[in-house]
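Starting from 1, each residue takes its place in the sequence as its number.
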Amino acid sequence: MPPKTDPRDWERLFEGRRRQRGPLRIVMIALLTGILLLGLIGAAPFVFEQIEASRVVARQTQIVQQTREARAATQQAATQSAIAIPTQTPSPLSTATLPSAPTSAPIIGRAQVINGGNIRSAPRVSADTVIGQVCVGDRVELLEEQIIGDNNRWYRLRVVATADNCVPQRVSAGTEGWVSATLLSQPEP
């Protein structure tokens, strides 16, 4: 009859078994890998939202910068127009007169676009009234003013000069329409 086995022998025999890679360990690794992959897939929309939010913030920062530049240009133009320019007095021998340019409507002032937005066929916000877009830096002549509702000021204007091409739907010089006063600089006479 064989001798009785010592308990330490059992530990020695099964210790090697614990170190081997078994099917349970493979299942656990596959399960953990799947959970990590699902977590990454679930986090992807959040990451894309953060990227889009940063793009929106960058665009708003760009619009603010354009607005500051437009205001600075308006102030510089106002400063330059305030400087007196010496004029020559016409000689009494000159009898020629220049023909006056026909105007379609009297001009009540001039302004510059400081916030891009829609130019409309009527002074109301509606999709069917949109003519096109005005961009930051466009110069306009004010033809008429209306206050609608609770101090909503609108101007009928004519675009005199356009700045850089900001959007494909932008209007060209000579276009007339209505614009909210929030898009314009302070009117100048």
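Taking every heavy atom of both residues into account, A111 and P187 meet most closely at CB-CA, 4.3 Å.
Qualifying salt bridge (Lys or Arg N to Asp or Glu O under 4.0 Å) partners for D150, counting only residues two or more places apart in sequence or in other chains: none. Residues passing the side chain to side chain donor-acceptor pair (under 3.5 Å) test with Q62, sequence neighbours excluded: R59. Residues meeting the side chain to side chain donor-acceptor pair (under 3.5 Å) test with S180, sequence neighbours left out: T182. Scanning for salt bridge (Lys or Arg N to Asp or Glu O under 4.0 Å) contacts around R68 gives an empty result, with sequence neighbours left out.
Judged as a salt bridge (Lys or Arg N to Asp or Glu O under 4.0 Å), not a single pair has a partner in residues 28-44 (not counting sequence neighbours). Legend: side chain to side chain donor-acceptor pair (under 3.5 Å) pairs involving residues 133-144, not counting sequence neighbours, sorted by first then second residue: N118-Q133, D138-R170, E141-R158, E144-R156. The salt bridge (Lys or Arg N to Asp or Glu O under 4.0 Å) contacts involving residues 125-136 comprise R124-D128, where partners must be two or more places apart or lie in separate chains.
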Next item on the list: Start with the C-alpha gap between T162 and C135, add the side-chain angles, then the distance that decides, and say whether side chain to side chain contact (heavy atoms under 4.5 Å, CB included) holds.
Entry: CA-CA 8 Å; T162 57; C135 298; over 6 Å; no
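Of the possible donor and acceptor atoms, one in the side chain of S185 sits under 3.5 Å from a partner among the backbone N and O of Q112. Side-chain atoms of T129 do not come within 3.5 Å of backbone N or O of S121 as any donor-acceptor pair.
In this structure, CD1 on I63 lies 12.5 Å from CD1 on I114, to the nearest 0.5 angstrom.
W178 forms part of a hydrophobic cluster together with V125, I148, W154, judged by ILVMFWY side-chain heavy-atom separations under 4.5 Å. I147 belongs to no multi-residue hydrophobic cluster, having no ILVMFWY side-chain contact under 4.5 Å with any other such residue. Under the 4.5 angstrom side-chain criterion for Ile, Leu, Val, Met, Phe, Trp and Tyr, V160 has no cluster partners at all. Cluster partners of V113, using a side-chain heavy-atom cutoff of under 4.5 Å among ILVMFWY residues and allowing indirect links, are I108, I119, I131, V134, V140, L142, Y155, L157, V159, V171, V179, L183, L184.
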Review item, side-chain donor-acceptor pairs of residues 35-56, under 3.5 Å, at least two apart:
{"from": "S54", "atom 1": "OG", "to": "I51", "atom 2": "O", "distance (Å)": "2.6"}

